[in-house]
Undergrad: 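Sharing a structure with you now.
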Amino acid sequence: TDLAHIRNFSIVAHIDHGKSTLADRLIQSTGTVQDRDMKEQMLDAMDIERERGITIKANTVRIDYTAQNGEKYVLNLIDTPGHVDFAYEVSRSMRAVEGSLLVVDSTQGVEAQTLANVYQAIDAGHELVPILNKIDLPASECDRVAEQIEDVIGIDASGAIRVSAKTGVGIPETLEAIVHHLPPPRGDERAPLKAMLVDSWYDAYLGVVVLVRIMDGRMRRGDRIRMIQTGATYNVERIGVFRPQMEKVESLGPGEIGFITASIKQVRDTKVGDTITHEKRPCEKPLPGFKPSVPVVFCGLFPVDSAEFEDLRDAIEKLALNDASFSYEMETSAALGFGFRCGFLGLLHLEVIRDRIEREYDIELITTAPSVVYHLFMKDGTRRDLHNPADMPDLTYVDHIEEPRIKATILVPDDYLGDVLKLCQDRRGIQLDLTYAGSRAMVVYDLPLNEVVFDFYDRLKSVTKGYASFDYHLEGYREDNLVKMQVLVNDEPVDALSMMVHRDRAETRGRAMCEKLKDLIPRHMFKIPIQAAIGGKVIARETLSALRKDVTAKCYGGDATRKKKLLEKQKAGKKKMRQFGKVDIPQEAFISALKMD
Ligand code: GDP
Ligand code: MG
């Protein structure tokens with residue numbers, strides 16, 4: 001296909017505004033997939049994505065479209081990940097295309113992820129086609145939302161296409177707009193090969209599959225290629241396009257998007273954003289702006305049943321095969337035994353991996369408090385990265401500590417603004433901006449990532465009854481007065497409950513934690529002191545009083561089956577408990593104790 005007849009685009013939208021449904025309609029109405037083969041959400045492959053309604057990995061489809069002027073076009077749609085954790089992958093896939101459909105739910109309006117994603121599209125130099133979706137619903141307010149798009153995003157929305165991705169209204173107009181309003185790709189077929197590595201994943205039959213966008217030159221089956229950032233070389237074995245199932249082609253030229261396989265061993269060997277060229281005739285400069293995605297949130301994953309450690313290792317290794325941004329190493333904890341310290345791109349990423357281990361591999365997990373990566377500046381002038389509060393060295397060696405900060409954008413109806421400001425303030429936030437878009441406020445905060453990783457999003461949802469939307473990106477590191485707080489149960493430190501806190505908040509956090517643990521730990525035959533401490537200094541303390549009598553005592557002489565049931569119940573409860581010295585701590589204590597309300 002000549003460049004003038006190619007259009008490459010993505011769809012940007014807030015979650016639930018109809019991105020996947022619109023993609024389905026575009027695929028279906030062009031006959032790319034026969035009606036009888038049509039499943040809902042064609043591009044959302046993994047179960048967990050379907051369930052949560054989020055797209056985690058970029059997916060792509062090539063659509064043949066004959067326009068109303070009779071010309072035949074090839075449209076390549078890249079479906080980008082919809083969540084902030086995958087911001088870098090979003091920005092890469094955006095750079096692989098020239099335009100975006102900006103989908104806004106006309107019953108809702110612009111939300112935080114609409115903004116975050118549309119700014120990424122604008123940064124990537126995209127032309128935008130605004131689309132007002134869900135016009136079949138009575139609550140649809142196209143004029144108001146179009147005005148809001150103009151006010152908040154600052155683009156002309158007077159020609160916004162009114163669509164119902166559900167009924168198909170506006171789909172022909174959308175296809176025409178893609179062809180007439182989005183620019184064709186540029187590129188030089190005679191120049192040395194320059195292709196972008198947009199994404200990669202592990203396929204059980206094919207091994208590692210790499211999604212590529214050709215910028216210049218032509219890639220053919222059998223070519224010897226080099227990945228510029230990793231330096232590795234491979235032979236291209238298969239080359240093809242997605243319709244959306246894989247279909248072989250002989251070669252891919254400028255402007256085209258497709259996949260290759262090349263006997264690449266692991267997804268880890270491919271770096272999203274890398275430049276692929278020919279070994280023999282390489283391009284002069286790699287594509288700009290390459291930065292590997294690095295994990296920012298760490299936590300420990302331990303099997304509840306320590307006999308399942310090997311199963312857990314197996315599960316983690318399998319998951320890591322397909323997810324290069326997920327890192328892990330073995331960890332031993334005095335309290336929890338053998339497990340893994342794992343790194344994630346963000347909280348959602350953590351949740352997805354944890355859920356998959358529990359559901360797909362049927363392993364019950366204890367997850368320790370998520371922690372961010374702190375920079376420790378040592379008195380000897382060196383810098384250390386702290387991934388686990390348990391590894392915090394003695395403070396006398398530490399000069400100062402820096403923590404990661406984020407810039408968070410929150411959109412919220414006026415009525416809840418006060419609660420949102422209070423929440424952000426409570427989490428050591430610094431307000432950067434406050435503006436209005438209709439009856440919604442848009443606040444921008446500088447917040448420590450540490451205060452956001454655990455339950456910020458849940459709290460935000462609950463104080464705003466679900467009406468707030470939230471998005472963030474990492475801004476950088478800043479020094480603050482941070483200390484490690486330890487928790488001692490029956491005078492034994494429980495390393496899995498150690499955390500880094502701001503000095504000014506330590507007492508409050510410590511007190512709250514001790515009070516919670518007092519409720520969460522069952523009473524034993526003896527008194528149990530529960531303490532929070534910084535260094536050797538106790539800053540909060542509670543005492544769990546002793547149990548007076550045996551739980552089965554009341555059954556003596558009574559119903560034997562009832563007694564047996566009670567003991568069985570106790571045993572089942574035990575399974576989820578961990579012993580710390582002489583004390584059993586239930587699994588949920590680790591999570592609950594760390595939540596701040
Ligand atoms: P995504 O998160 O942006 O991919 O959104 P989805 O495509 O998964 O859509 C979210 C929900 O909105 C689903 O329940 C869809 O069925 C529904 N939906 C999408 N488009 C329309 C539409 O035009 N009209 C109506 N009534 N519902 C829609
Ligand atoms: Mg979706």
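Counting convention: from 1, in listed order, for ligands and their atoms alike.
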Undergrad: Enumerate the atoms of ligand 1 whose separation from the nearest heavy atom of Ile15 is less than 4.0 angstrom.
TA: 2 (O)
Undergrad: Could you see which bit of His17 sits under 4.0 Å from ligand 1, with heavy atoms only: side chain, backbone, both or neither?
TA: backbone
Undergrad: Which bit of Asp16 gets closer than 4.0 Å to ligand 1, counting heavy atoms only: side chain, backbone, both or neither?
TA: both
Undergrad: Could you label the plane-to-plane angle of the His349 and Phe326 rings as parallel, tilted or perpendicular, counting under 30° as parallel and over 60° as perpendicular?
TA: perpendicular
Undergrad: Tell me whether Ala13 has any N or O atom under 3.5 angstrom from an N or O of ligand 1.
TA: no
Undergrad: Once the angle between the rings of Phe259 and Phe242 is folded into 0 to 90°, is it parallel (under 30°), tilted (30 to 60°) or perpendicular (over 60°)?
TA: tilted
Undergrad: Within ligand 1, which atoms have a heavy atom of Leu137 less than 4.0 Å away?
TA: 26 (N)
Undergrad: Under the criterion ring pair (Phe, Tyr, Trp, His ring centres under 6.0 Å), which of Tyr328, Phe298, Phe340, Phe344 is the partner of His387?
TA: Phe298
Undergrad: Going by the rule side-chain hydrogen bond (donor to acceptor under 3.5 Å, both in side chains), which residues pair with Asp156 if we only count those two or more places apart in sequence or in a different chain?
TA: Ser158
Undergrad: Do any N/O atoms on Gly18 end up under 3.5 angstrom from N/O atoms on ligand 1?
TA: yes
Undergrad: Please table the atom pairs, donor to acceptor, closer than 3.5 Å between any side-chain atom in residues 68-78 and protein atoms at least two apart or in another chain.
TA:
residue: Asn69; atom: OD1; partner: Glu71; partner atom: N; Å: 2.9
residue: Glu71; atom: OE1; partner: His5; partner atom: NE2; Å: 2.6
residue: Asn76; atom: ND2; partner: Asn8; partner atom: OD1; Å: 2.9

Undergrad: When you look for heavy atoms under 4.0 Å from ligand 1, do you find them on the side chain of Asn133, its backbone, both, or neither?
TA: side chain
Undergrad: Can Ser100 and Ser10 be counted as having a side-chain donor-acceptor contact under 3.5 angstrom?
TA: yes
